[in-house]
Q: 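Before I ask anything, here is the structure I am working with.
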Amino acid sequence: MDIPKRYDAKEAERRWQIFWETEGIYKFNPADTSPIYSLDTPPPTVSGEMHIGHAMAYIQADTIMRFQRMLGKSIFYPFGFDDNGLATELYVEKKTGRLAEEMSRHEFVELCLKESELAEKRLLEDWKSLGISPDWDMSYRTTNEWCRKTSQRSFIQLYNKGRAYRKYEPTVWCPKCGTAIAQVETEDKLLPSTLYDITFNVEGEDLFIATSRPELLPACVSVFYHPTDERYKRYAGKNAKVPLFGHEVPIMADEKADPESGTGIVMCCTAGDSTDVEWWKTHNLPWISVIDERGKMKAEAGKYAGLRIKNARKAIVEDLAEQGLLNDKADISHTVNVHERCGTAVEYIMTKQWFIKYLDLKDLFLEAGAKLNWYPPYMQSRYDNWVKGLKWDWCISRQRYYGISFPVWYCEDCEFEVIAGEKDLPVVPSEDAPPIDKCPKCGCDRFKPELDVLDTWATSSLTPQIAAKWQEDDSLFNRIYPMSLRSNGHDIITFWLFNTVVKGLLHENEIPWKDVIINGFVLDPKREKMSKSKGNIIKPQVSIERYSGDALRFWACSAKLGEDLPYEDKELRRGVKMINKLWNASKFTLLHLDGYDLKLDELEVTDRWLLSKLNRLIGVCTDSFNDYEFSNVKKTLENFFWHTFCDVYLEIVKDRLYTPERGEEAKRSAQYTLYVALLAMLKMMAPIMPHITEEIYHVYFAEKENCKSIHISKWPELVGSMIDETVEETGDKAEDVISAVRKYKTLNKKALNAQISRVLINCDKETEVQLESTCADLKATLHADVIEFGDAEDNIITEKYEFKLRVDW
RNA sequence: GGGCCCGUGGUCUAGUUGGUUAUGACGUCGCCUUUACGAGGCGAAGGUCAUGCGUUCGAAUCGCAUCGGGCCCA
């Protein structure tokens with residue numbers, strides 16, 4: 001057998017990745033009737049690089065899939081890119097330096113498609129370098145024909161169920177992007193601002209109201225104070241006159257007015273924030289719209305019409321001051337709800353939008369959350385809290401260019417909604433004709449296309465349906481859905497996970513998966529969140545280049561589910577060491593297995609000791625993988641391999657392998673044990689380190705097992721009869737003696753192979769019988785001429801069993 | 001402000017249905033070429049388990065409070 005001295009990870013990893021792909025090792029076989037195990041992977045957005053957080057999450061999920069594959073399941077493991085929506089538009093605009101407004105809609109869409117395809121080609125190489133094992137032939141991008149069809153079909157079916165509807169609503173709106181956005185696409189930012197104390201007038205009397213948004217004065221529709229606030233109770237039922245604009249608004253009491261904030265009395269405008277919207281709803285207030293879709297003041301703002309929001313604010317403040325209506329102003333910092341993608345403060349604008357009606361289904365959603373198996377379990381409460389706090393239906397329309405079209409046209413006269421036929425999907429209403437000639441309601445024959453596009457989550461919430469060929473291949477879909485597993489970041493439980501549950505329930509009346517694993521974040525070595533501005537980003541490609549993919553995988557598996565993992569170079573270096581150790585230990589083992597025929601007479605005690613422990617290990621690793629505790633597999637396996645197998649067992653059996661005088665039987669017993677143990681350890685390590693284990697497997701075991709790849713070989717079976725408590729105790733006692741003598745040699749500055757003339761062991765009779773049975777191995781390992789039992793003045797006491805020993809040089 | 005999670009040697013971490021001396025790794029120090037590996041082996045030092053109170057025969061583990069950190073939501 002010719003085994004190279006060194007293992008070249010960089011060369012080998014590329015070689016095996018190509019081998020797996022060309023040999024179709026991970027291909028899904030629809031004809032395979034084994035139970036299916038499926039994974040709903042997050043399609044990464046093409047707008048960014050693959051970052052270290054992606055790497056961790058994909059690797060963790062991949063270990064599970066590799067484990068399940070070795071259990072003999074039929075693996076359904078798709079991979080997709082999300083190149084849909086606003087994120088891609090912004091990426092393309094930034095990359096090409098051209099704005100969507102500068103060209104025709106068609107041109108911009110083509111540009112986005114072209115750029116995202118380029119990005120995907122580049123990104124795909126990054127993802128493959130992680131050594132993950134999806135069936136690449138099942139790859140998709142969310143803008144391809146099939147996804148567009150699926151997404152539009154979902155919309156049409158929800159429309160037919162009365163779940164999709166269109167209406168005027170105050171909508172969270174980004175004036176910079178000029179689009180409606182979802183609640184979840186906003187975030188709160190602490191920003192500096194000015195609080196203006198403005199003079200209103202109540203029956204000739206001054207009333208001071210504090211606001212940071214005086215430009216909304218024309219949209220003021222009422223004034224609120226807290227019901228218990230004695231200062232303002234006397235105003236109940238009266239009207240306040242709005243300065244500069246002169247209209248009168250009612251003064252009312254409401255719990256949501258904070259007596260501590262500003263002057264304790266607050267104006268309600270349509271609409272500065274979500275509280276304004278709530279007041280508008282609960283108190284049936286009129287809606288005055290003063291800001292347009294692009295953040296300019298409308299005609300309702302009178303002389304300020306046409307000004308941008310900030311300029312209008314400035315002008316109004318100046319006018320107030322001039323007229324003596326500005327009582328006071330103070331610099332403050334307060335939280336502002338901004339669009340997370342561009343940082344612009346959001347507005348609430350009254351527009352016609354498409355919604356998915358689901359507020360009536362909260363109980364159903366909570367039930368679904370309870371049906372899912374959450375790993376870790378406490379993540380369910382994030383989902384629950386989100387569902388309980390929902391206030392609006394799901395707004396699914398976006399006023400953008402690049403995205404999946406609504407399959408909808410409107411009658412130009414009566415706004416009648418014309419929906420595409422499912423057989424015509426996918427459609428682009430701005431380019432395709434509607435399925436009817438005349439409006440069934442008014443007879444008009446002119447139609448206008450819906451130009452809005454679907455929210456990107458409206459599509460990515462269909463990943464199970466997209467992957468499993470929903471309503472295209474029923475037999476496949478029925479076998480796949482609900483899927484076995486969803487892998488999800490904890491930051492997107494409230495959108496990607498929740499929205500997928502919503503679609504699953506609305507379409508299939510069933511939860512989309514059985515199990516959900518939630519992975520944590522990767523932090524920088526100082527345990528701080530990585531961000532571009534801090535400059536502490538770690539690129540996985542650099543880590544792979546420097547330490548290898550297996551080393552990165554080894555690191556990624558050290559975090560438990562849900563837990564954040566700090567990135568540390570030393571942990572990657574440990575992975576490199578592990579690869580090296582696996583290589584060297586295997587090299588040694590396999591050299592001694594050359595020509596071995598797997599024949600066995602009887603096992604030596606120390607061999608039975610190792611095999612007993614090995615079978616326990618198999619039990620632990622199998623259970624841990626089944627519970628998605630890959631970090632426990634990694635830790636337990638690493639410790640067993642390194643310490644028990646390499647440091648103790650290999651040293652014990654060397655003599656039997658090298659010294660013919662020990663006898664053929666003793667050698668064969670060692671060979672059998674080495675074969676079984678190394679093979680089992682490699683297989684259990686394979687999901688974590690797929691390349692090095694494959695390399696070693698092919699040096700020897702592939703031929704023996706007649707199997708093309710370790711990753712489709714059989715997972716080690718726990719043989720209960722091999723677990724033997726007595727043998728384990730015997731071996732543990734021998735190990736205790738070995739480590740005591742090693743310690744003695746070290747303390748006396750002797751080499752571990754220094755010869756000793758005698759070891760005298762003072763122990764009870766039972767132990768004596770036990771140790772006797774390992775005497776030949778003990779003598780060889782300790783390099784002792786004789787081992788004797790009996791009373792004597794001791795010079796060492798063992799750690800674990802506290803035997804008294806005497807070592808004579 | 002609400003919800004959830006986390007605080008264990010210098011650093012990262014195991015252990016959390018209460019029960020011997022709290023696990024392992026990195027780092028530090030000392031010793032050693034075990035016919036696989038010096039990218040290795042053997043060993044040493046280093047922890048009042050964030051703090052306080054409580055429950056208990058017994059608490060890293062359970063309860064309460066405080067302090068600190070993180071994530072999500074408002």
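Chain naming here is simple, since letters A, B, ... match the order of the sequence lines and numbering starts at 1 in each.
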Q: Could you check which of G41(B), A36(B), C72(B) has an atom nearest any side-chain atom of Ala585(A)?
A: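 Of all the options, the side chain of Ala585(A) is nearest to A36(B).
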
Q: Given the side-chain rings of Trp386(A) and Phe365(A), with only the six-membered ring counted for Trp, is the space between their centroids under 6.0 Å?
A: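 Ring centroids of Trp386(A) and Phe365(A) are no less than 6.0 Å from each other.
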
Q: Looking for any heavy atom pair under 4.0 Å, which part of the strands does Tyr378(A) touch: base, sugar-phosphate only, or nothing?
A: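 Here Tyr378(A) touches the backbone only, sparing every base.
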
Q: As a test of reading the structure: which of C12(B), C71(B), C4(B) is closest to the side chain of His490(A), going by heavy atoms?
A: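 Among C12(B), C71(B), C4(B), the one nearest the side chain of His490(A) is C71(B).
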
Q: Counting side-chain heavy atoms from CB outward, which of C4(B), A36(B), C73(B) is closest to Thr494(A)?
A: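 The answer is C73(B).
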
Q: With nearest nucleotides of RNA chain B determined for Asn632(A) and Val576(A) from heavy-atom distances, which residue corresponds to the more 5′ nucleotide?
A: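 So the residue in question is Asn632(A).
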
Q: Show the distances under 3.5 angstrom between N or O atoms of the protein and N or O atoms of nucleotides 24-33 of chain B.
A:
residue: A25(B); atom: O2'; partner: Arg574(A); partner atom: NE; Å: 3.4
residue: A25(B); atom: O2'; partner: Arg574(A); partner atom: NH1; Å: 3.2

Q: Just say parallel, tilted or perpendicular for the rings of Tyr675(A) and Tyr596(A), cut-offs at 30° and 60°.
A: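 Geometry flag for Tyr596(A) against Tyr675(A): tilted rings.
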
Q: Aromatic contact between Tyr649(A) and Phe641(A), with the criterion being ring centroids under 6.0 Å apart: yes or no?
A: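 Centroid separation for Tyr649(A) and Phe641(A): 6.0 Å or greater.
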
Q: Choose from C72(B), G40(B), A14(B) the nucleotide whose nearest atom is closest to any side-chain atom of Lys581(A).
A: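 Nearest listed nucleotide: G40(B).
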
Q: Scan every strand shown for a Watson-Crick or G-U wobble partner of U35(B), both distances under 3.5 Å, and answer none if you come up empty.
A: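 Matched U35(B) with nothing under the 3.5 Å cut-off.
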
Q: Closer to the 5' end of RNA chain B via nearest nucleotide, is it Arg6(A) or Ser586(A)?
A: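 The residue mapped nearer the 5' terminus is Ser586(A).
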
Q: Contact class for Leu591(A) (heavy atom, under 4.0 Å): base, sugar-phosphate, or nothing?
A: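 Counting heavy atoms under 4.0 Å across all strands, no contact is made by Leu591(A).
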
Q: Nearest to the side chain of Ser739(A), which nucleotide is it out of G41(B), G43(B), C71(B)?
A: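 When the side chain of Ser739(A) is considered, G43(B) is the closest of G41(B), G43(B), C71(B).
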
Q: Can you tell which of U13(B), U34(B), A36(B) lies closest to the side chain of Pro566(A)?
A: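 Selected nucleotide (nearest to the side chain): U13(B).
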
Q: Please confirm whether the ring centroid of Phe224(A) lies under 6.0 Å from the ring centroid of Trp279(A).
A: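 Yes, ring centres under 6.0 Å apart.
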
Q: From C-beta outward on Phe521(A), which listed nucleotide comes closest to its side chain: C71(B), A14(B), A36(B)?
A: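 Of all the options, the side chain of Phe521(A) is nearest to C71(B).
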
Q: Val522(A) pairs by side-chain contact (heavy atoms from CB on, under 4.5 Å) with which of Ile52(A), Asp564(A), Ile538(A)?
A: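 The side-chain contact (heavy atoms from CB on, under 4.5 Å) with Val522(A) is passed solely by Ile52(A) among Ile52(A), Asp564(A), Ile538(A).
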
Q: Tyr567(A) and Trp555(A): aromatic ring centres closer than 6.0 Å?
A: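 Here the rings of Trp555(A) and Tyr567(A) have centres that are less than 6.0 Å from each other.
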
Q: If U56(B) has a Watson-Crick or G-U wobble mate with both distances under 3.5 Å, name it; if not, just say none.
A: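 When the pairing criteria are applied, nothing turns out to pair with U56(B), so the answer is none.
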
Q: Given 3.5 Å as the limit, does a donor-acceptor pair link the side chain of Arg656(A) with the main chain of Ala666(A), or not?
A: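 Flag set: sc Arg656(A) to bb Ala666(A) pair under 3.5 Å.
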
Q: List, with names and distances, any nitrogen or oxygen atoms from the protein found under 3.5 Å away from nitrogen or oxygen atoms belonging to nucleotides 18-21 of chain B.
A:
none

Q: Does Glu563(A) use its side chain to pair, donor to acceptor, with the backbone of Gly520(A) at less than 3.5 Å?
A: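 No, the answer is negative, given that no donor and acceptor are paired below the 3.5 Å cut-off.
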
Q: Watson-Crick or G-U wobble partner for G30(B), using a 3.5 Å limit on both distances?
A: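 Across any shown strand, G30(B) pairs with C42(B).
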
Q: Provide, to the nearest angstrom, the distance between the CG atom belonging to Leu782(A) and the P atom belonging to U34(B).
A: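 Atom-to-atom, Leu782(A) to U34(B), this comes out as 15 Å.
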
Q: Between G43(B), C71(B), A36(B), which nucleotide gets closest to the side-chain atoms of Lys587(A)?
A: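 Of G43(B), C71(B), A36(B), A36(B) is nearest to the side chain of Lys587(A).
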
